[in-house]
Amino acid sequence: MTTTRRAFGALAAGAALAALAPAGTASATPRHRRLIAHDDFRHGLGQWAVELEKGGTVTASRGILEVDVPAGATVWFKKRLDGPYVIEYAATPISAGGVNDRVSDLNNFWNATDVRSPDDIFATARGGALAEYDYLKTYYVGYGANTNTTTRLRRYVGQAGVRPLLYDYTEPLLVANEPHRVRIVSDGSTVRWWNNGRLVFDHTDPEPYTSGHFAFRTTWSHFRISDFRVWRLSPKRP
């Protein structure tokens, strides 16, 4: 499938880079990394804060974070993260005949702060509807969004109705009932988002967001998420 909204060259170049880069980062020089946070999803939702637009279920047990929702859902990791770091997890979109088994919207916020309460993102109440997140300063990936037709990277700037679009692709997209192994790199001005070893987004931000909160985000879908890990990257070598 070709990209209809934006030239596919950057994505193809990213895929080539992904094939050559070491697993932990997108750098040509391997860097040490240290585990700073994780959840094996066997002990409930103690590390997470859930915001639901129209109900649904979010549970964590037996190694799985299960998100089964009829509308918007945001599941925040409570610990604030400071870069440079790498986030890794696996997510499987479920299509098995359930009422919410619409394969769509494997989405993430990261380095998020809310301009209404910049020192505490949880001091401002939100109800799960996407427009309520316009007041974030954050990066946002919508992978397989809009009923699995678009894959986009945005950089929110904390203004209502303003969600600047950086990249807009019509592929890659979600594959039902298959694991998608995501890696997010926050490394100073470098912003990267990978899926199954493929570099999907590679962005250099002249005014980067380098700390804040991470969240899983979806709408009207059913996901099973596992193996959540956050790694601290060692400083770049000169």
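Numbering starts at 1 and runs along the sequence shown.
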>> Let's go through Arg116 and Glu132 carefully: what are the C-alpha distance in whole Å and the side-chain angles of both, what is the deciding distance for salt bridge (charged side-chain N to carboxylate O under 4.0 Å, His left out) to 0.1 Å, and is it a yes or a no?
In response: CA-CA 12 Å; Arg116 297 166 295 183; Glu132 297 183 48; over 6 Å; no
>> What verdict does the side chain to side chain contact (heavy atoms under 4.5 Å, CB included) test give for Asp205 and Leu166, after you've listed the backbone C-alpha separation in whole Å, the side-chain angles of each residue and the deciding distance to 0.1 Å?
In response: CA-CA 10 Å; Asp205 189 345; Leu166 301 179; over 6 Å; no
Should [X] and [Y] count as side-chain neighbours, where that means a heavy-atom distance under 4.5 Å?
| X | Y | value |
| --- | --- | --- |
| Leu45 | Leu65 | yes |
| His38 | Arg229 | yes |
| Trp48 | Phe41 | yes |
| Thr151 | Phe201 | yes |
| Thr219 | Arg102 | yes |
| Trp110 | Leu81 | no |
| Leu106 | Pro93 | no |
| Val157 | Pro164 | yes |

> What's the verdict on side chain to side chain contact (heavy atoms under 4.5 Å, CB included) for Val86 and Arg183, showing C-alpha distance, side-chain angles and the deciding distance?
Replying inline: CA-CA 7 Å; Val86 176; Arg183 181 187 304 125; 3.4 Å; yes
> Only one of Tyr139, Phe228, Tyr140 clears ring pair (Phe, Tyr, Trp, His ring centres under 6.0 Å) with Phe214; which?
Replying inline: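 So, applying the ring pair (Phe, Tyr, Trp, His ring centres under 6.0 Å) to Phe214 and each of Tyr139, Phe228, Tyr140, only Phe228 qualifies.
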Can you tell me how far apart [atom1] ([X]) and [atom2] ([Y]) are? Round to the nearest 0.5 Å.
| X | Y | atom1 | atom2 | result |
| --- | --- | --- | --- | --- |
| Arg163 | Arg152 | CZ | CZ | 9.5 Å |
| His213 | Thr138 | NE2 | OG1 | 11.0 Å |
| Arg42 | Ser61 | CZ | OG | 9.5 Å |
| His180 | Thr92 | NE2 | OG1 | 8.0 Å |
| Asp168 | Arg154 | CG | CZ | 7.5 Å |
| Leu165 | Leu153 | CG | CG | 8.0 Å |

>> Tell me whether the rings of His203 and Tyr167 are parallel (<30°), tilted (30 to 60°) or perpendicular (>60°).
In response: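 Geometry flag for Tyr167 against His203: perpendicular rings.
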With a cut-off of 6.0 Å (strictly less than), are more than 12 heavy atoms of other residues, nucleotides or ligands near [atom1] of [X]?
| X | atom1 | answer |
| --- | --- | --- |
| Arg80 | CZ | yes |
| Lys54 | NZ | no |
| Tyr135 | OH | no |

> Can you name the residues that form a side chain to side chain contact (heavy atoms under 4.5 Å, CB included) with Glu51, not counting sequence neighbours?
Replying inline: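 Scan of Glu51 (side chain to side chain contact (heavy atoms under 4.5 Å, CB included), adjacent residues dropped) gives Thr74, Trp76, Arg126, Tyr133.
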>> For a quick test of reading the model, state the closest non-hydrogen atom pair linking Val67 to Ala73 and the distance between them.
In response: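 Result for this residue pair: CG1-CB, 4.4 Å.
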>> Restricting to non-hydrogen atoms, name the atom on Leu173 and the atom on Thr150 that form the minimum distance, rounded to 0.1 Å.
In response: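 Of all heavy-atom pairs spanning Leu173 and Thr150, the closest is CD2-N, 3.8 Å.
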> Please walk me through it: do Asp105 and Arg217 pass salt bridge (charged side-chain N to carboxylate O under 4.0 Å, His left out)?
Replying inline: CA-CA 8 Å; Asp105 287 279; Arg217 167 76 192 176; over 6 Å; no
> Is the backbone N or O of Val103 less than 3.5 Å from a side-chain atom of Ser95, with the two atoms forming a donor-acceptor pair by type?
Replying inline: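 No; judged by distance alone, with no hydrogens or angles, the pair does not exist.
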>> Quick check against the 3.5 Å criterion: does Asp227 have a side-chain atom that pairs as donor or acceptor with the backbone of Ala90?
In response: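 Not a single qualifying donor-acceptor pair exists.
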>> If we count only N and O atoms by modelled type, under 3.5 Å, do the side chains of Asn111 and Ser186 hold a donor and an acceptor together?
In response: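 Yes, side-chain donor-acceptor contact under 3.5 Å.
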> What pairs with Tyr89 under ring-ring contact (aromatic ring centres under 6.0 Å, His included), at least two apart in sequence or on another chain?
Replying inline: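 Once residues adjacent in sequence are excluded, the partners of Tyr89 under the ring-ring contact (aromatic ring centres under 6.0 Å, His included) criterion are Phe216.
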>> Run the ring-ring contact (aromatic ring centres under 6.0 Å, His included) test against Tyr143 and tell me which residues pass, sequence neighbours left out.
In response: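 Per chain and number, Tyr143 pairs via ring-ring contact (aromatic ring centres under 6.0 Å, His included) with Trp193.
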> Where do Asp101 and His222 land on the side chain to side chain donor-acceptor pair (under 3.5 Å) test, with the steps shown first?
Replying inline: CA-CA 5 Å; Asp101 289 7; His222 183 186; 2.8 Å; yes
> Looking at Thr59, Thr57, Asn100, which hits side-chain hydrogen bond (donor to acceptor under 3.5 Å, both in side chains) with Asp68?
Replying inline: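 Looking at Thr59, Thr57, Asn100, the match for Asp68 under the side-chain hydrogen bond (donor to acceptor under 3.5 Å, both in side chains) is Asn100.
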